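Predicted, not measured: the structure shown is a model, and the values here were computed from it. In what follows, chains are A, B, ... by sequence order, proteins preceding strands, each numbered from 1.
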Number of protein chains: 2
Amino acid sequence: MGTENRRQREREARETLFIEKAHELIRSEGLLALQMSRLAAACEYATGTLYQHFNSKEDLLAAVATRTTRQRAEVFRRIPRLPLGTRSRMLAMVLADIDFAQTNPDYYRLTQFVTTEVVWASTSEVRRDELLEAAQPISEAVTAIVSEARANQDLPLAQELGEEEMGLGPWALNTGMQTLANAQGLLDAYDIHRPYEHLIRHTHALLTGWRWEPRIDPDEPSVVRAETERVRAVLREYIPEANP
Amino acid sequence: MGTENRRQREREARETLFIEKAHELIRSEGLLALQMSRLAAACEYATGTLYQHFNSKEDLLAAVATRTTRQRAEVFRRIPRLPLGTRSRMLAMVLADIDFAQTNPDYYRLTQFVTTEVVWASTSEVRRDELLEAAQPISEAVTAIVSEARANQDLPLAQELGEEEMGLGPWALNTGMQTLANAQGLLDAYDIHRPYEHLIRHTHALLTGWRWEPRIDPDEPSVVRAETERVRAVLREYIPEANP
DNA sequence: CATGGGATTTGAACGGGGTTCAAATCTTGG
DNA sequence: CCAAGATTTGAACCCCGTTCAAATCCCATG
């Protein structure tokens with residue numbers, strides 16, 4: 001039945017419209033100002049139609065976060081294939097993500113809000129799974145690089161730590177820095193500026209602490225800067241969308 | 001005017017009552033279930049009275065977070081004086097905080113929610129400043145230890161990095177791990193368990209990467225475990241409230 | 001081309017809960 | 001003891017998010 005098929009496609013197109021418009025509204029007016037009725041109006045549909053797609057506002061927000069996470073994951077998916085050593089590829093992820101955070105300033109805030117228990121609890125199981133699934137490639141990319149590093153002996157074969165658990169460190173460091181950087185006035189209060197530069201240096205410290213070769217001393221600014229520049233150049237060449 | 005004085009004290013007592021009761025309700029029924037009218041009723045006051053103290057619900061939540069942050073800071077304030085090397089005291093902070101997170105399971109969630117832009121934007125300037133101020137001793141404690149470590153040569157004298165910026169690494173790592181650990185089902189989805197154990201190991205990696213002496217290889221589980229136990233014992237002895 | 005019934009869309013009405021504010025109550029100075 | 005100011009009260013208000021009965025659309029069928 002061709003009709004069925006077309007209707008399905010139209011339905012999906014409409015869902016995409018809702019999600020994109022919502023993202024646009026969030027970007028321009030902030031998360032606070034987003035109202036279901038206004039979103040519907042902006043898309044030229046009735047409020048009720050929105051609820052054919054999302055069973056709550058939180059659900060919609062989760063869908064927006066999922067969409068952007070997929071874009072983010074796309075960049076990560078390609079990093080393992082860059083012509084760089086394993087350690088530099090690990091750094092490439094951090095750099096790509098710093099760029100992503102800067103071109104999508106609301107993304108981390110939105111994700112943080114959505115994964116907050118209060119909100120998370122009012123999203124549907126399906127949406128939650130979709131968001132987790134969208135992030136999967138990121139974890140896979142990290143895991144792949146850690147595996148390769150161990151195979152190469154760039155990284156000692158740890159006795160107990162799984163690949164995912166190894167990747168958890170940079171992941172947590174990154175997440176934490178994003179959280180701190182996003183909390184209005186927090187870092188300013190401690191007179192800390194350029195959090196992302198510190199993220200890079202602390203990432204080097206972390207990797208060096210795990211004896212990930214070739215080791216880079218986080219305390220040598222010129223070496224760190226040179227490595228950052230080198231990796232950025234490769235990123236620019238092979239993944240121009242992530243223009244760091 | 002003695003009367004003025006007493007009224008002021010009574011007012012403060014009432015504010016404390018509101019904050020404590022709110023915390024209690026959050027603990028028992030969750031953040032979602034907290035309602036201004038029910039809180040007022042539970043304290044045997046009218047709803048309007050609440051608004052004499054907090055100019056919005058978000059303001060109240062910020063106040064609750066501030067109160068708990070002060071308790072958390074109290075533990076941190078005492079750590080610099082523990083009879084341990086600088087590096088072990090740094091670890092002591094992480095351990096104390098892991099314990100704090102476990103005895104106050106809602107604290108991180110609440111803080112995360114409050115510092116989310118959407119909520120943060122609807123709190124009053126005063127409350128925001130109070131929350132930042134409450135956290136100040138934590139940063140001071142970290143700074144003090146970093147300073148001492150440099151003075152001792154436990155930590156190389158970095159050219160560019162301020163003490164606060166040095167402490168930013170463990171701080172971000174810690175914050176990030178708490179965020180990840182709190183996102184329902186996230187770590188499970190990647191088959192990662194016992195996040196706090198990993199936090200400890202990654203913290204060692206980070207400190208070792210900065211060449212903080214005496215270096216500990218994060219990849220030697222027995223050494224890591226012994227150090228954890230040693231520091232925990234000191235914590236138990238000197239700061240029993242933080243019973244790790 | 002007309003028709004009817006199921007599917008979809010609509011948007012006004014509903015409901016819950018945060019916030020307000022006029023009336024009630026209390027406090028205090030004379 | 002009274003009056004005026006300060007404080008407290010809680011019902012009413014209002015702003016959304018959500019629902020659902022009515023309107024509209026779609027399309028298979030005769």
Do B/Y190 and A/Q136 make a side-chain contact, defined as non-hydrogen atoms from C-beta onward lying under 4.5 Å apart?
yes

With side chains defined as the heavy atoms from C-beta onward, is the minimum distance between A/L168 and B/L187 less than 4.5 Å?
yes

Spacing between [X] atom [atom1] and [N] atom [atom2], to the nearest angstrom:
{"X": "A/L39", "N": "C/dG11", "atom1": "CG", "atom2": "P", "result": "15 Å"}
{"X": "A/H53", "N": "C/dT8", "atom1": "NE2", "atom2": "C1'", "result": "10 Å"}
{"X": "A/F18", "N": "C/dT9", "atom1": "CZ", "atom2": "C1'", "result": "10 Å"}
{"X": "A/Y45", "N": "D/dC25", "atom1": "OH", "atom2": "C1'", "result": "13 Å"}
{"X": "B/E44", "N": "D/dT9", "atom1": "CD", "atom2": "C1'", "result": "15 Å"}
{"X": "A/R11", "N": "C/dA7", "atom1": "CZ", "atom2": "C1'", "result": "12 Å"}
{"X": "A/Q52", "N": "C/dT10", "atom1": "CD", "atom2": "P", "result": "10 Å"}

Counting primed atoms plus P, OP1 and OP2 as sugar-phosphate and everything else as base, spell out the protein contacts along nucleotides 13-20 of chain D at 4.0 Å heavy-atom distance: B, S or - for each nucleotide, 5' to 3'.
---SSBB-

Taking the six-membered ring for Trp, are the ring centroids of B/F113 and B/W120 within less than 6.0 Å of each other?
no

Check: B/F18 ring centre within less than 6.0 Å of B/Y45 ring centre:
yes

Look at the side-chain N and O atoms of A/T49 and state whether any lies under 4.0 Å from the OP1 or OP2 oxygen of C/dT9.
no

side-chain N/O B/R7 vs C/dT28 OP1/OP2, d < 4.0 Å:
yes

Please list all pairs meeting salt bridge (Lys or Arg N to Asp or Glu O under 4.0 Å) that have one or both residues in [range], counting only residues at least two apart or in different chains.
{"range": "residues 181-196 of chain B", "answer": "B/R194-B/E197"}
{"range": "residues 37-47 of chain A", "answer": "A/E29-A/R38"}
{"range": "residues 161-185 of chain A", "answer": "A/R150-A/E163"}

What is the minimum heavy-atom distance between A/Q71 and A/F100, and which atoms define it?
C-CE1, 4.3 Å

When all nucleic acid strands are considered with a 4.0 Å heavy-atom cut-off, which category describes B/R14: base, sugar-phosphate, or nothing?
sugar-phosphate

B/E117: partners by salt bridge (charged side-chain N to carboxylate O under 4.0 Å, His left out), with sequence neighbours left out:
A/R109

Enter the inter-axis angle for the ends of the helix from C/dC1-D/dG30 to C/dG30-D/dC1 (five pairs per end, rounded to 10°).
10°

